[in-house]
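Worksheet: the structure to be examined is printed underneath.
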Amino acid sequence: TIDNYTLLTEFIILCLNDPNINVNISLLTSLITLTPLERNSDNYKSLLSNILLLIVDKYKIKKDKLSELINSLLTFLLKYSLTIGELLYNIKSFPNDKSIVYKSSITEFIFVNLRKTKLSVVIECIEIIINVFSILIKDTNLDVKNCALSTLALVRKRVGRKRIELSDVDQCIGREVMEEIEQIARNVNYDRKYDDVEIEIEDESDEE
């Protein structure tokens with residue numbers, strides 16, 4: 001285990017800010033190895049909150065190798081250290097960024113991983129998902145907007161209508177867009193093995 005997280009945080013930030021892509025790649029590779037080892041550490045979790053924005057910021061470099069490593073690291077973080085809600089909370093400012101590739105990369109990552117996140121976890125983080133994606137569905141880039149709509153449709157499909165209505169979705173998204181999301185949700189498929197709790201009976205009948 002690591003003894004001095006302050007020094008480690010400073011070192012990681014230094015490497016992430018380095019303009020040399022090989023330094024970035026080495027750092028991300030090391031974090032992928034480190035994350036499973038530190039999965040029970042609150043200090044490591046705190047460290048992550050300080051570096052997540054710097055990590056996802058590397059999507060902007062538009063290098064396949066770097067993007068693959070970021071995806072792998074974020075996947076490991078969701079498996080061992082953070083919930084998807086905690087991840088979104090720490091990078092919640094990303095929808096306002098000007099970089100399309102940056103917003104697109106993160107939005108696609110969240111969409112893919114919400115398919116294989118336990119339903120109980122999705123329910124717990126409905127509020128942050130809606131807050132973040134209610135901004136993304138207004139994006140001028142169609143790819144970002146459509147992925148955001150698909151993400152909200154997936155959440156609607158998974159958590160059921162009642163939980164969506166209880167989350168003040170109308171205020172954030174609006175009734176007209178919510179109707180569009182309902183339409184998309186009818187064609188959304190996902191692996192139900194991650195549904196560790198049941199949705200409402202009336203919603204289950206609606207889905208059939």
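The hydrophobic clustering, which links ILVMFWY residues whose side-chain heavy atoms are closer than 4.5 Å, places Val101 and Leu69 apart. The hydrophobic clustering, which links ILVMFWY residues whose side-chain heavy atoms are closer than 4.5 Å, places Ile32 and Val23 apart. In the hydrophobic clustering of ILVMFWY residues, with side-chain heavy atoms under 4.5 Å counting as a link, Val159 and Val197 come out together. Phe76 and Leu53 fall within a single hydrophobic cluster, where Ile, Leu, Val, Met, Phe, Trp and Tyr are joined by side-chain heavy atoms under 4.5 Å apart, directly or via other members. The cluster map of Ile, Leu, Val, Met, Phe, Trp and Tyr, joined by side-chain heavy atoms under 4.5 Å apart, puts Val144 and Ile135 in different clusters.
Rounding to the nearest 0.5 Å gives a distance of 4.5 Å between CG of Leu77 and OG1 of Thr35. To the nearest 0.5 Å, atoms CG (Leu152) and CD1 (Ile137) are separated by 6.0 Å. Annotation: the span from Ser150 atom OG to Phe111 atom CZ amounts to 5.0 Å, rounded to 0.5 Å. Once rounded to the nearest 0.5 Å, the distance linking CG of Leu66 with OH of Tyr59 reads 9.5 Å. Taking OG1 from Thr117 and CZ from Arg158, the interatomic distance works out to 6.5 Å, rounded to the nearest 0.5 Å. Note that CG of Asn113 and OG1 of Thr75 are 5.0 Å apart. Values are rounded to the nearest 0.5 Å.
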List the steps, then state whether side-chain contact (heavy atoms from CB on, under 4.5 Å) holds for Lys92 with Asn131. CA-CA 9 Å; Lys92 60 185 177 182; Asn131 286 341; over 6 Å; no

Derivation and outcome, side-chain contact (heavy atoms from CB on, under 4.5 Å), residues Phe94 and Asp57: CA-CA 9 Å; Phe94 86 87; Asp57 194 62; over 6 Å; no

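Residue-environment remark: CD (Glu176) stays at or below the threshold of 12 foreign heavy atoms within 6.0 Å.
Residues Tyr44 and Leu37 have side chains not in contact (no heavy-atom distance under 4.5 Å, counting atoms from C-beta outward). By the 4.5 Å heavy-atom criterion applied to side chains, Tyr190 and Leu154 are counted as neighbours. Looking only at side-chain heavy atoms (C-beta outward), Tyr194 and Val121 stay at 4.5 Å or farther from each other. Taking the side chain as every heavy atom from C-beta outward, Ser41 and Tyr5 approach each other to under 4.5 Å. Using a 4.5 Å heavy-atom threshold, the side chains of Leu48 and Asn90 count as separate.
Counting only distance, with no hydrogens or angles, the side chain of Ser46 and the backbone of Asp42 share no donor-acceptor pair below 3.5 Å. Although no hydrogens or angles enter the test, the distance criterion places a donor-acceptor pair under 3.5 Å between the side chain of Arg115 and the main chain of Asn189.
A search for side chain to side chain donor-acceptor pair (under 3.5 Å) contacts involving Tyr89 returns nothing, not counting sequence neighbours. Judged as a salt bridge (charged side-chain N to carboxylate O under 4.0 Å, His left out), and not counting sequence neighbours, the contacts of Glu182 are Arg156, Arg161. For Asp196, the side chain to side chain donor-acceptor pair (under 3.5 Å) test picks out Ser120, with sequence neighbours left out.
The pair Lys116-Asp191 does not count as a salt bridge, with every side-chain nitrogen at least 4.0 angstrom from each carboxylate oxygen.
Screening residues 94-111 for side-chain hydrogen bond (donor to acceptor under 3.5 Å, both in side chains) gives Lys60-Asp97, Lys103-Asp139, Ser104-Glu108 as the qualifying pairs, with residues at least two apart or on separate chains. Applying the salt bridge (Lys or Arg N to Asp or Glu O under 4.0 Å) test to every pair with at least one member in residues 140-150, sequence neighbours left out, gives no pairs at all.
Just one residue in the list Asn22, Ile21, Asn20, Leu16 forms a side chain to side chain contact (heavy atoms under 4.5 Å, CB included) with Asp18, and that residue is Asn20. Looking at Leu27, Asn17, Asn24 one by one, the single match for side chain to side chain contact (heavy atoms under 4.5 Å, CB included) with Leu54 turns out to be Asn17.
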List, one per line, each side-chain donor-acceptor pair under 3.5 Å for residues 80-87, sequence neighbours excluded.
| from | atom 1 | to | atom 2 | distance (Å) |
| --- | --- | --- | --- | --- |
| Thr83 | OG1 | Gly85 | N | 3.4 |
| Thr83 | OG1 | Glu86 | N | 3.1 |
| Glu86 | OE1 | Thr83 | N | 2.9 |
| Glu86 | OE2 | Lys45 | NZ | 2.8 |

